[in-house]
Each structure stands twice: as structure tokens, then as C-alpha cells.
There are 2 protein chains.
Amino acid sequence: MNDIVKLGTRRQKMEAKERAILQAARNELSQHGFEGAKMSAIARAAEVAEGTVYLYYRNKRELLDAVVSEFWQTLTTGARVVTGQHETTLDKLRALAEFHLKELVKDFDFVGFTVRTRETGTLDSPSLTPIRAYVAVFDEIFRQGQDRGTLVTASPLWVVRDLFYGTLEYASRTLHLHQERRHEEVVDHLIELIQRCYGADPSQAQVGALEAIEQRLQSIERQLTNQ
Amino acid sequence: MNDIVKLGTRRQKMEAKERAILQAARNELSQHGFEGAKMSAIARAAEVAEGTVYLYYRNKRELLDAVVSEFWQTLTTGARVVTGQHETTLDKLRALAEFHLKELVKDFDFVGFTVRTRETGTLDSPSLTPIRAYVAVFDEIFRQGQDRGTLVTASPLWVVRDLFYGTLEYASRTLHLHQERRHEEVVDHLIELIQRCYGADPSQAQVGALEAIEQRLQSIERQLTNQ
DNA sequence: ATTAATAATGATTTAGGCTCATTTATATTG
DNA sequence: CAATATAAATGAGCCTAAATCATTATTAAT
């Protein structure tokens, strides 16, 4: 065997081990929460000695930070895919909102873990990087909307961003507590709000709303006649 | 000494001790965070043996839950005072938003602790009660606005509440990271948004009509899906 | 094949939450 | 007031789980 292959296998083994640990940590974390997650259980699940975990991550916090980072990275990828399937700014925003809310409700605890990670975090904390990358998805869409002239606002972007993500994050908590409430309602409301407040043409917004109602009416009529 | 005085002093002593423990816990918590807070340090600060703490609180989590509860109770009192000083619905809302944001930024970590408290919380978890009492302040103001006719919306209250508190909570995080940004900007923006979207304005009559239709549609859709 | 370097191990150390047998303080009663 | 009963407080010690590190195993280089 030549050097490169040998070197490669060793690296590959380590990388596989790291992935296994991260995956085990993710499972343990979502099953038992932050305090409940045991390093011993993670090591066992990853089929690794307890000490080995500490070769890859300095301590428990760092390992769980890594899990949270991975979570946001995955979210970023998903958000780009989903928003990429739409053309207009408002469609993109709606898709992003739906995706965001759905994922937050699904992996609800990770929001809490993220907050915890930030607890002692400073402005340049590395644990913030993946979150920055994620919110950038919104920023890009919104800026594009402004460039295209479909969105108009005097407010700085960060204010609108707080509104967007803040509403959705808080709503995810509400939805998590009251399972019966509907996700769509939150998204509909938020998007309509953005449309009304930042949409370039308010009269156009109402036309859009009328069209949406028309469609839903037709859907209802269809359901009624099918019965 | 008569019985009542004797009984009184004993109770008073215990109540004083409980307050001391709670206060010590609060300090320890805001200084060292959730994991960093040591029961031994809390006991020492409260001038009490470590075992004594466990006579008043079953375990660490319960003690820290109590701290968080107290935090929200204090917030509720403050919010009532502040909003009581205003007449119109929008002034009340603005005052509430300003107060809320200011307090959240001041005691920033407590939001994180709250989220943590909820981690395993269910719908009827007692740790939710003080938070419910707090958000009720908003609910009352908003409903009053609807009764008076200054606010009009077809959206359910909880959606608007998520918008209000969600935006502010998320903004408090942003503000905590970027100290240079201004609180007022967030509040101004939020209130203007509410005014524009929910303010009763004759020129927005069509919007109101649309919302009424929306409401009825949702009701019909719900009936259909329930069948 | 030998040696050097790196990775992995798990027994041991350490720290902090929590318990409980004992002690101290308060209330009750004759 | 003394004797007794009850409630509150104590802190040494237990237990669990994170983190360490001397030792062993594996891989790479010569």
C-alpha cells in the first residue's frame, strides 16, 4: 500500500469515529436533554471508550455545542433548498417561514440548547457562526426583495429579521405546548403582515389575498361536492 | 409569650430563611449560570447548611425554577404598574414593549433559564403559571383595545401575542450581542406595525372585510377537516 | 523488522448534588 | 418550670457522572 491510502484510511477512521460520536451525542441529547445526557452513554453508543470522546471534544459542553452547530448547518442547507424552489420574494419568505417553523417544532429542544450554548457566548463566539449563516438566508431574500422593488422599508434589516425569526421561534414554543394549533396560521399571518407593511403595493396585496380566498373557496366547494 | 407570637416568630424565621435561600440562589444563578450554580455556594450565601436548602426545595432544579418564577412575577407587577400609567391601548402596548425589552436585556440570562425550565415542561407544568400571568398583561390590553374599537383583527389573539413577545425576546438577544443597537428602534417599529396592521382606520375598511372573510373561511375549513 | 508517532483505553480522580442519622431549637403539657 | 414531643437544622458521607492520564494498541516511517 502506498502512503496516501494508508494516511487516508487512518483519517477516514478518525472522521468516521468523530461522526459516530456526534451522532450518538445528538441522539442522547434529544432523548435525555442537556443535563440528562451522559458522556458514558454517548461513548457506549458510539462504540468508543469514554476517554476517546475527550480526544475529539474538550468537554461535554463543546461536544453538545458541536451538535447544535451541526443542527443549524443542516437547517441552512434545507432552507436554501426550499427557498430555491420559489421565484418571488414573498413565496421565498413564506417557504422559509414554513420550513423554519416546521423544523423548530420537530427539533424543539434544540432551540433551548442553542440558547444555552449562547449563555456565555460573546459576539465572536464560534458557536454563533452557523446561526449567522442561517439567518443570512433570510437577509439575502429580503435584500433581493428590496433590490427588485417588491419590498420597501425604512427600518434596518436587523429589526425586520428579529420580527421574522422572533415570531416564528416564539410561535414554535406555543405550538409545541398546544399541539392543536395550526402552523399555517402563524405563517399566513406573518407573511401577510410583511406584505402589508413592507410590500411595495398595498392594493396589490389585497388582490393577492382575494385570489388566495378564491382558491380556498374552490377547494371547499370541491370537498363539499365530493361528499 | 402567647401562642400566636411564638408561632409567628417560628414561621417568620422560616420564611426569612426561604427568602434568603431564594435570593442567594438568584445571585448565584446570574453570576455563574445554570450549570455553574453550586448548591453549596447558595447555602453558604444564605448562611444555612447545605441540607437545609433541601428542606425548602426538593432539588436544584426546583430551586432554580422558583427563582425563574419569582423573576416573572416581579416582571408582571412591574408591567402592570407601567401600563397602568397610560390611557390609550397603543400607549399601553408601547409602554409594555419598552418595559419588557428593557428588563429582558437587563436580566438577559433569565430568558435562557426559563427556556431550560420549560425543557421537560408540559402544558400544565406549574413553572408555566407565572409566565401565563405575565403574558396575560398583553392579552388584557389587546382585548381592551378590541372592545374599544381601536384594534381590529381577525387573527386569533395568540398569533398576535407570539408576534409581540417573540419579536421582543429575539430582539433582546440581538441587543445583548450588539450593545450599540437601540432599544427604541425595535419598540417603535413593533408598535408602528401593530398600528398599521391592527389599528382601526376607515381607509383600511376593505382589509377588515377581508379579515372577516378569512375568519369565516378558516372556520369552515376546520369544520370540513374535522369530519 | 524496528522504531516513532499517534490514537485509544478505562481505572482512577474529582466535584458536586443529594441523603440521613444526629443534634439543636421550639412548642406543649402537667 | 421541668419534662417531653415535635419540628427544623446540620454536615459527614454517599453516589453519580465528568474529566484525567498512565498504559496499551495501532498505524506510519525507516
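Quick note on labels: first sequence line is chain A, next is B, and so on, each numbered from 1. Just so it is clear, the model here is predicted, and its values are computed rather than measured.
Taking each heavy atom of A/Arg161 and A/Val135 in turn, the nearest pair found is CD-CB, 3.9 Å.
Within a heavy-atom distance below 4.0 Å of DNA chain C, the residues of residues 51-58 of chain A found are A/Gly51, A/Thr52, A/Leu55, A/Tyr56.
Here the C1' atom of nucleotide C/dC18 and the CZ atom of B/Arg61 are 16 Å apart, to the nearest Å. Atom CD of A/Glu28 and atom P of D/dA17 are 10 Å apart (whole Å). For the pair A/Met39 CE and C/dA15 P, the interatomic distance rounds to 18 Å; values are reported in whole Å. Spacing between atom CZ of B/Phe34 and atom P of C/dG16 amounts to 16 Å, rounded to whole angstrom units. The distance between atom CZ of B/Arg44 and atom P of D/dG11, rounded to the nearest whole Å, is 13 Å. Put simply, CG on A/Asn59 is 15 Å from C1' on C/dA15, counting in whole angstrom units. Rounded to a whole Å, the CD atom of B/Gln12 is 16 Å from the C1' atom of D/dA8. Remark: C1' of C/dA15 and CD of B/Glu50 are 11 Å apart, rounded to the nearest angstrom.
Side chain to side chain, B/Ser127 and B/Asp65 fail the donor-acceptor criterion of an N or O pair below 3.5 Å. In the model, B/Trp158 has no side-chain atom that pairs as donor or acceptor with a side-chain atom of A/Thr174 under 3.5 Å.
Phosphate proximity of D/dT16 to A/Lys38: absent, as no side-chain N or O sits under 4.0 Å from OP1 or OP2. Within the 4.0 Å cut-off from OP1 or OP2 of D/dA17, not a single side-chain nitrogen or oxygen of A/Lys60 is found. Regarding contacts with the backbone of C/dA25, every side-chain N or O of B/Lys13 stays at 4.0 angstrom or more from both OP1 and OP2.
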Could you go step by step and tell me if A/Tyr198 and A/Gln146 meet the side-chain hydrogen bond (donor to acceptor under 3.5 Å, both in side chains) rule? CA-CA 9 Å; A/Tyr198 310 118; A/Gln146 287 178 304; over 6 Å; no
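Qualifying salt bridge (charged side-chain N to carboxylate O under 4.0 Å, His left out) partners for B/Glu184, counting only residues two or more places apart in sequence or in other chains: B/Arg182.
Contact annotation for A/Ala37: backbone-only contact, meaning every heavy-atom pair under 4.0 Å involves sugar-phosphate atoms and none involves a base.
Judged by the 6.0 Å and 45° rule, B/Arg173 forms a cation-pi pair with B/Tyr170.
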Donor-acceptor pairs are to be reported for all side-chain atoms of residues 42-54 of chain B against protein atoms at under 3.5 Å, with residues two or more places apart or in another chain.
| unit_1 | atom_1 | unit_2 | atom_2 | d |
| --- | --- | --- | --- | --- |
| B/Thr52 | OG1 | B/Ala49 | O | 3.4 |

